Amino acid sequence: MQWGPRTGEVVATAVAGLALALAVFAVDPVGRVLVGGAALLLLGLAAHDAVLRPRVRTGPDGVTVRALAGRTTIAWPHVRARVRVQRRWGVRARTLELEDRTDDAVLVVLGRRELGTDPATVAEVLQAGGAAG
């Protein structure tokens, strides 16, 4: 199984970035800086999501997570997958935490946008595959 950002969301982000990039020519000089910065951020986010698909993949060896620094594979006996629920300013956010129980330096935190689905669903699948909870 594999999880990554939804294709529609990546395309929508890229289209919004292109629209803002074109809008740079229709605003005043101060607005160009603000709108241009927003366009760069959206286009960068869309490129990031497109390049790093899928973010999480399961296989016979374990769970592989893709990041800008490269791929990290955690063997099934060492994977710990859990869902963390946090509240900030009245908004509840769920994140999936993937941890290598043998290496304290490996902790990956992914949200719904990065996984393309609810983190709790991904955690259930990983735990059914052999990850600790």
Side-chain angles (χ1 to χ4, degrees):
M1 300 231 17
Q2 60 187 15
W3 298 273
R6 295 180 186 177
T7 304
E9 291 177 4
V10 175
V11 170
T13 303
V15 168
L18 288 174
L20 285 176
L22 293 175
V24 164
F25 300 109
V27 295
D28 62 340
V30 174
R32 286 187 183 133
V33 173
L34 295 174
V35 173
L40 286 175
L41 285 173
L42 286 177
L43 291 171
L45 181 63
H48 176 269
D49 287 346
V51 169
L52 296 179
R53 293 188 74 204
R55 285 299 301 251
V56 177
R57 178 181 296 196
T58 62
D61 297 335
V63 178
T64 301
V65 181
R66 293 181 70 183
L68 288 176
R71 296 176 188 214
T72 302
T73 301
I74 307 170
W76 282 115
H78 307 296
V79 176
R80 180 176 183 189
R82 63 182 174 190
V83 176
R84 174 101 36 191
V85 179
Q86 296 176 338
R87 291 184 185 266
R88 287 190 178 169
W89 297 2
V91 177
R92 189 179 77 177
R94 288 184 185 178
T95 55
L96 173 69
E97 292 184 354
L98 296 175
E99 184 178 3
D100 187 343
R101 294 187 294 174
T102 61
D103 185 359
D104 289 340
V106 178
L107 174 64
V108 181
V109 180
L110 300 166
R112 185 205 169 284
R113 191 187 62 75
E114 296 166 312
L115 295 170
T117 188
D118 185 29
T121 304
V122 178
E124 289 174 9
V125 171
L126 293 177
Q127 290 169 356

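Side chains are part of it too, since the values below use all heavy atoms of this structure and drop only hydrogens, waters and symmetry mates. Note that the structure is a prediction, hence the values are computed from the model and not measured.
Nearest heavy-atom pair across Gly111 and Pro119 is C-CG, 4.3 Å. The minimum heavy-atom distance between Val83 and Ala120, with the atom names listed, is CG2-CA, 3.6 Å. Arg112 approaches Thr117 most closely through the heavy-atom pair CG-O, 3.4 Å. Closest approach of Leu42 and Gly17 over heavy atoms only: CB-CA, 3.8 Å. Heavy atoms only, all atoms of each residue included: Ala21 and Ala39 are closest at N-CB, 3.6 Å.
Under a hydrophobic-cluster definition in which Ile, Leu, Val, Met, Phe, Trp and Tyr are linked whenever side-chain heavy atoms come within less than 4.5 Å, directly or via other members, Met1 and Val63 are assigned to the same cluster. Residues Val33 and Val30 are members of separate hydrophobic clusters, defined by side-chain heavy-atom contacts under 4.5 angstrom among Ile, Leu, Val, Met, Phe, Trp and Tyr. Residue Leu41 is not grouped with residue Val11 when hydrophobic side chains (ILVMFWY) are merged at heavy-atom distances under 4.5 angstrom, including chains of intermediate members. Tracing side-chain contacts under 4.5 Å through hydrophobic residues (I, L, V, M, F, W, Y), one never reaches Val10 starting from Leu45; they form parts of separate clusters.
When atom types are taken as modelled, the side chain of Glu97 and the backbone of Leu107 share no donor-acceptor pair closer than 3.5 angstrom. Side-chain N or O atoms of Arg55 include one that pairs as donor or acceptor with a backbone N or O of Arg66 at under 3.5 Å. Arg101 places a side-chain N or O within 3.5 Å of a backbone atom of Pro77 that can act as its donor or acceptor partner. Between the side chain of Arg87 and the backbone N or O of Arg92 there is no donor-acceptor pair closer than 3.5 Å.
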*Please walk me through it: do Leu98 and Val65 pass side chain to side chain contact (heavy atoms under 4.5 Å, CB included)?*
CA-CA 9 Å; Leu98 296 175; Val65 181; 3.7 Å; yes

* To do: With side chain to side chain contact (heavy atoms under 4.5 Å, CB included) as the test, would you mind laying out the steps for Val125 and Trp3 before giving the verdict?
  => CA-CA 11 Å; Val125 171; Trp3 298 273; 3.7 Å; yes

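Atom-to-atom distance recorded for Asp118:CG and Glu124:CD is 8.5 Å, nearest 0.5 angstrom. Here the CZ-CG distance, from Arg82 to Leu96, works out to 10.5 Å after rounding to the nearest 0.5 Å. Annotation: the span from Arg94 atom CZ to Leu115 atom CG amounts to 12.5 Å, rounded to 0.5 Å. With rounding to the nearest 0.5 Å, the separation of CD1 in Ile74 from OG1 in Thr58 is 13.0 Å. Taken to the nearest 0.5 Å, the CZ atom of Arg6 stands 12.0 Å off from the CZ atom of Arg113.
In this structure, the side chains of Asp61 and Trp76 stay at 4.5 Å or more apart for every pair of heavy atoms. Within the 4.5 Å cutoff, no side-chain heavy atoms of Glu114 are placed close to those of Leu52. The shortest distance between side-chain heavy atoms of Phe25 and Val35 does not fall below 4.5 Å. Leu126 has its side chain out of reach of Val79: every pair of non-hydrogen atoms, C-beta onward, lies at least 4.5 Å apart.
Applying side-chain contact (heavy atoms from CB on, under 4.5 Å) to Leu110 and the options Val56, Thr95, Val122 leaves one that passes, Val56.
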